[in-house]
2 protein chains.
Amino acid sequence: MKDRYIPEKQVIENLGVEMEKMDVPPVHARIFILLLMVNPPYMSFEEIQEHLQVSKSSVSKYLNIMLEQGTLDYRTFSGDRRRYFYLNHEKLLNKIYTGASKFSTISGLMENCLREREGAVPEGKNEHLKEISDFFSFLGDGMTKLVNEYHARKLSDHDSQ
Amino acid sequence: MKDRYIPEKQVIENLGVEMEKMDVPPVHARIFILLLMVNPPYMSFEEIQEHLQVSKSSVSKYLNIMLEQGTLDYRTFSGDRRRYFYLNHEKLLNKIYTGASKFSTISGLMENCLREREGAVPEGKNEHLKEISDFFSFLGDGMTKLVNEYHARKLSDHDSQ
DNA sequence: TATTTGGTTCGGGAATAAAAGAACCAATTT
DNA sequence: AAATTGGTTCTTTTATTCCCGAACCAAATA
């Protein structure tokens, strides 16, 4: 077993295509997968660019986007000017979590619709709107609970080890 | 209280902007909101076009997209050639539900990453990848449960009325 | 001081998406 | 038969996204 593992190019392409289907730009997806899979889990700018065979500007662009999002970070080694980029897994999980809170946003939107209709339509004509709003807020609350539950489970797993 | 309620244009614009932020094309979003809020809950092609002040081709396009998705349907009145379009709330909820299953898809993707690394990196170096994968599959399962729970609750609500 | 290294920034081209406009068409009305 | 109605379809315009290459820049090295 080598002390460095870098995923094969074709593996990155295949997984990249899957991520593209979730509306992630091609280069962004490939950088993400590369950093997700590489071991040790960091890579320099040049290594990324070389391995993916894309332009410097694209690498720069998406690394900076990820840095702004907080899902990426970098470390350095003394005597080496290069930055070594790695995924911030904590923030990554966090992002997933907040992404899930979208349900609550929509539920809020629906509630705005309802408020606008108040007094303008007969009572009882709001049932279907209420149902959609309810469903979303139910999902929003449920997601929050799920995330908390996961955290709790993780902590107790940790304790018991 | 009038027998017809049509939301004010500015209300549609405001809510439309919110929907645009969730990657829904502007005209699509506005048609959706208009039909969501109008009472009685249907509208003719011309009414939609007039009220939103957009081109016929755009109205036609997005109505047809929604019809294909099943989230829209239409009814007619005898002696009137026009179609009156309304949202299919059942299908709408259904779509939300299947959208939520995206979590399981991502979990699968992560599992592919893990499989690729098997044997290539030391055991114990896969923890963070495993955690992401676990989290997604946990969320996927949780969502499914939530939806079922909601259905069950709705049914029992219905029974008790 | 000149060159290399490790990137960033700017301008442009290709591809795609959104919306409009106009031509079109079948069914109805005049 | 001519005109109107209720849309659909095709073409064009406009806007946006994605990426690249080239110019650029600051820090380190020669």
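Below, chain A is the first sequence line, B the second, and so on; all start at residue 1. Computation of the quantities below employed the complete heavy-atom set of this structure, encompassing side-chain atoms and omitting hydrogens, waters and symmetry-equivalent molecules.
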Q. Under a criterion of less than 4.0 angstrom to any heavy atom of chain A, what are the 5'-terminal and 3'-terminal contacting nucleotides of DNA chain C?
A. C:dT5 to C:dT9

Q | For A:L72 against A:L67, the heavy-atom pair lying closest together | A | O-CD2, 3.4 Å

Cut-off 3.5 Å, side chains only: do [X] and [Y] have a donor facing an acceptor?
X: B:S60; Y: B:S57; result: no
X: A:S104; Y: A:S107; result: no
X: A:N39; Y: A:R4; result: no

Q.
How about CD on B:Q69, more than 12 heavy atoms from neighbouring residues, nucleotides or ligands closer than 6.0 Å, or not?
A. yes

Can [X] and [Y] be counted as an ion pair, charged N to O under 4.0 angstrom?
X: A:E18; Y: A:K21; answer: yes
X: B:E123; Y: B:R117; answer: no
X: A:R30; Y: A:E13; answer: yes

Q. Do A:R153 side-chain atoms and A:E149 backbone N/O form a donor-acceptor pair below 3.5 Å?
A. no

Q. Hey, is the main chain of A:P7 close enough, under 3.5 Å, to the side chain of A:H51 for a donor-acceptor pair?
A. yes

I'd like a table of atom pairs between the protein and nucleotides 10-15 of chain D - only N or O on both sides, under 3.5 Å - with the distance next to each one.
none

**Q.** For DNA chain C, the residues among residues 18-34 of chain B that have a non-hydrogen atom under 4.0 Å from it
**A.** B:P25, B:P26, B:V27

**Q.** Residue-level proximity of residues 59-82 of chain B to DNA chain C when a heavy atom falls under 4.0 Å
**A.** B:Y62, B:R81

Q | Pi-cation contact, A:Y86 with A:R75 (under 6.0 Å, within 45°) | A | no

Q: Would you give the length of the straight line joining atom CG of A:L114 to atom CD of A:E118, rounded to the nearest 0.5 angstrom?
A: 7.5 Å

(Q) If you compare every side-chain N and O of A:S58 against the phosphate oxygens of D:dC19 (OP1, OP2), does one of them come in below 4.0 Å? (A) no

Q) Would you say B:R83 reaches D:dT5's phosphate, i.e. side-chain N/O to OP1/OP2 under 4.0 Å? A) no

Q) Would the B:Y84 and B:F77 ring centres measure less than 6.0 Å apart? A) yes

(Q) With a 6.0 Å cut-off on the ring centroids, do A:Y150 and B:F135 count as close? (A) yes

**Q.** Contact list for residues 130-142 of chain A, test side chain to side chain donor-acceptor pair (under 3.5 Å), sequence neighbours left out
**A.** A:E131-B:K154

Q: Would you kindly give the CG-to-P distance between A:L52 and D:dC18, to the nearest whole Å?
A: 17 Å

Q: Using five base pairs at each end, measure the axis-to-axis angle across the helix from C:dT1-D:dA30 to C:dT30-D:dA1 and round it to 10 degrees.
A: 20°

